[in-house]
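Below is one structure, written out as structure tokens; comments come after it.
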2 protein chains.
Amino acid sequence: MRRASQFGRRPTIIDVAIAAGVSKSTAARVMSGQGNVSPKVVAAVRTASRDLGYQRNNMAVSMRSGRSGLIGIIVPDISNPFWAEVVRGAQERAVLSGSSLLIFSSDWSAERERSHLQALVQTRVDGFVLNTIADEGDTQDFTNLGCPFVLIGTTSDLYPDRSSVGSDIPQGVATALDHLSRCGHDLPKLITGPPRRLARAKFVSAINRYFIDRDIDPTGIEAENGEYSVNGGRAAMARLIRHHKGSHMTVFAANDLMALGAMAEARDAGLACPADVSVIGFDGIPSGEFCSPPLTTIAKPSRGIGEDAMRLLGRLIEGDSVVMRPRLPCRLVERGSVLDFSATRERTLHLA
Amino acid sequence: MRRASQFGRRPTIIDVAIAAGVSKSTAARVMSGQGNVSPKVVAAVRTASRDLGYQRNNMAVSMRSGRSGLIGIIVPDISNPFWAEVVRGAQERAVLSGSSLLIFSSDWSAERERSHLQALVQTRVDGFVLNTIADEGDTQDFTNLGCPFVLIGTTSDLYPDRSSVGSDIPQGVATALDHLSRCGHDLPKLITGPPRRLARAKFVSAINRYFIDRDIDPTGIEAENGEYSVNGGRAAMARLIRHHKGSHMTVFAANDLMALGAMAEARDAGLACPADVSVIGFDGIPSGEFCSPPLTTIAKPSRGIGEDAMRLLGRLIEGDSVVMRPRLPCRLVERGSVLDFSATRERTLHLA
DNA sequence: CTGTTAGCGCCTTCAT
DNA sequence: ATGAAGGCGCTAACAG
């Protein structure tokens, strides 16, 4: 038993074959379940395999088959529960299809993204899912890696001829603004991501488009940029508060972490939410449910994005060269961080 | 350029050698930086490599060297921010050492743990970090896998002769109870994990020990079991509330997710926190900072656990067969969910 | 039904 | 300083 430790090395299929008194091809046939082998021999090989503690060497298998059973995924920030959830969705599908996931976080560094990408290629992953942080101009060359991939996130818009999965940002933004409108809010102030990020541009332009479509002039909308983090949200909110004139302030944050930061900053500034400040977020992370007040937000289909990306990638790996670019719908999660003026009738409905 | 796509297959080191007009051994020497090669040849090989878009095949390298550069990690629940943070710590060290992490979640299923473990072994990871969910009795046989590993979490206590990293539960528990004591609280009620879990037993016995050491009889302590999740905490809290007699209720939850659930349940039951109910958690997840009121908790060194486990694993992989079992200290994070009786002097200090 | 053989891509003696 | 050759563990023809 467990001759692995006895020998000081793992048993190979040859060890199994010898122990079972057959050739290594026969043993291999039993292992892979391919080809015809007599029941008696099958049993003998199985027994030998168990006795030796034989574990098939996937490296060798990959080497011959050209398939590693490894899939890579790179997201900008695995600390952000949103991305964690995307990865989880991917993970679920990976396990289902018997492959293992190599998970990386680029932490918003193009350099790290590049190096992780190289690691993936050298590991000969069968494919990868990527949310590239590359903005226009410095689009990376992962298209030449000779490895199937599916893009996720807003930056996938930069690669219109590649398969990608994302959330429907314009629809999500419209859902948020519809809600604010229903609740009788003015033009919201924006807390957005870093200036050069494509995601920021898409977010802002979706908002502008929404108002323009409704004959409302969006030019007065204030926006503060920040990192996509709690602290980024705090800092942006601090600036917003400093410049704010008037009574109630309505804030639309480009992600939930920032929204959480904004709420914390407001509280620290002595502002009550939602009485003095209304905040609506974008992502739908679990923390939003427990903050005070619970965060009203637009939930992206995070897990679905990960799942669908893996499904798509699976087809690509199978050789199906179809290009699909689904944009999954977001949904409003109404909690307590947006004041409802329409109920109190304290204010006319500016946007309705 | 990019002959990978021209050929329909990735260039191998032979392609590079041919393009550079040298033998594959010479090319290999250049790639690995080992051995003497004339500068002129080095340059030629480098150029050819770049031109062809050559990417070293780690499978082949692993096969010869016996090192895959892959490390596995299995945690019980990657959705729990605590474990996510542990993984993140591990990830950081992995990147530093140039290896890639295969991350799995057993989702509290022994069956899934086993199958993930097998996947890791077959992938020939150089080693793995594991929080086994195995309780006493059904200890798994990963000790015979012939693969270096470091255990993390409470269940590592079941393998006293193996290297492991954990948090110092008795110290953490004492820190929590000291704090409650300072704030003038009675014996707390407990929200604990599932009954059969070793972690639950350790938690409860650390609490009993604390009181016994101080000549206080802990037998009256009520405890409700639940899943290690928000909903588990809610359900346990609901039962606690139902049975509660008296005024203020003090709750010590075995993890933050359950604490969050407990607070939510209390709120739904019309109980104010901390006025009517004090809650202290255990873990130190980020969400605790934003809930209402912010959760007072005992922060485990989550990231440090991941980092140290990887450091230790690295030594094991290098052949250093030392056994180390550090238990990292926890620290009190005082926020707003525990009422301070000592300030209001509404109650005598029972435990001080 | 089973055995033999030839590599997958790389590194590393050994020889030149 | 360079080339030739063997083999890591496995599978897929090809023979019998």
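Heavy-atom basis, side chains included; hydrogens, waters and symmetry copies ignored. Chain A is the first sequence line, chain B the second, and so forth, proteins listed ahead of strands; every chain is numbered from 1.
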request  = For A:Asn36, report the nucleic acid contact type (base, sugar-phosphate, nothing); a contact means any heavy atom under 4.0 Å.
outcome  = base
query = Taking the side chain from B:Thr155 and the backbone from B:Thr132, do they hold a donor-acceptor pair closer than 3.5 Å?
reply = yes
ask   = Does B:Arg197 use its side chain to pair, donor to acceptor, with the backbone of B:Ile133 at less than 3.5 Å?
value = yes
Could you tell me the separation between the [atom1] atom of [X] and the [atom2] atom of [N], rounded to a whole number of Å?
X	N	atom1	atom2	value
B:Arg29	C:dT12	CZ	P	10 Å
A:Leu52	D:dG9	CG	C1'	15 Å
B:Ile18	C:dG9	CD1	P	12 Å
A:Met31	D:dT11	CE	C1'	13 Å
B:Met63	C:dT12	CE	C1'	16 Å
A:Arg10	D:dG9	CZ	P	11 Å
B:Met59	D:dT11	CE	C1'	16 Å
B:Arg124	C:dC10	CZ	P	21 Å

Strictly below 4.0 Å, N to O, side chains only: are [X] and [Y] in salt-bridge contact?
X	Y	result
B:Arg303	B:Glu85	yes
A:Arg88	B:Asp107	yes
B:Arg311	B:Glu92	no

Which nucleotide in the list [options] gets nearest to the side chain of [X]?
X	options	result
A:Val37	D:dT11, C:dT2, D:dT2	C:dT2
A:Ala60	D:dT2, C:dC10, D:dC10	D:dC10
A:Arg64	D:dA12, D:dG3, C:dT2	D:dA12
A:Thr26	C:dC1, C:dG9, C:dG3	C:dG3
A:Ser38	C:dT2, C:dC11, D:dT11	C:dT2
A:Val22	C:dG3, D:dC10, C:dC11	C:dG3
B:Lys24	D:dT11, C:dG9, C:dC11	C:dC11
A:Ser25	C:dG3, D:dC10, D:dA4	C:dG3

ask   = According to a strict under-4.0 Å criterion, is A:Arg9 in side-chain N/O contact with OP1 or OP2 of D:dG9?
value = no
query = Looking at B:Thr12, does any N or O in its side chain come under 4.0 Å of the phosphate oxygens OP1/OP2 on C:dG9?
reply = no
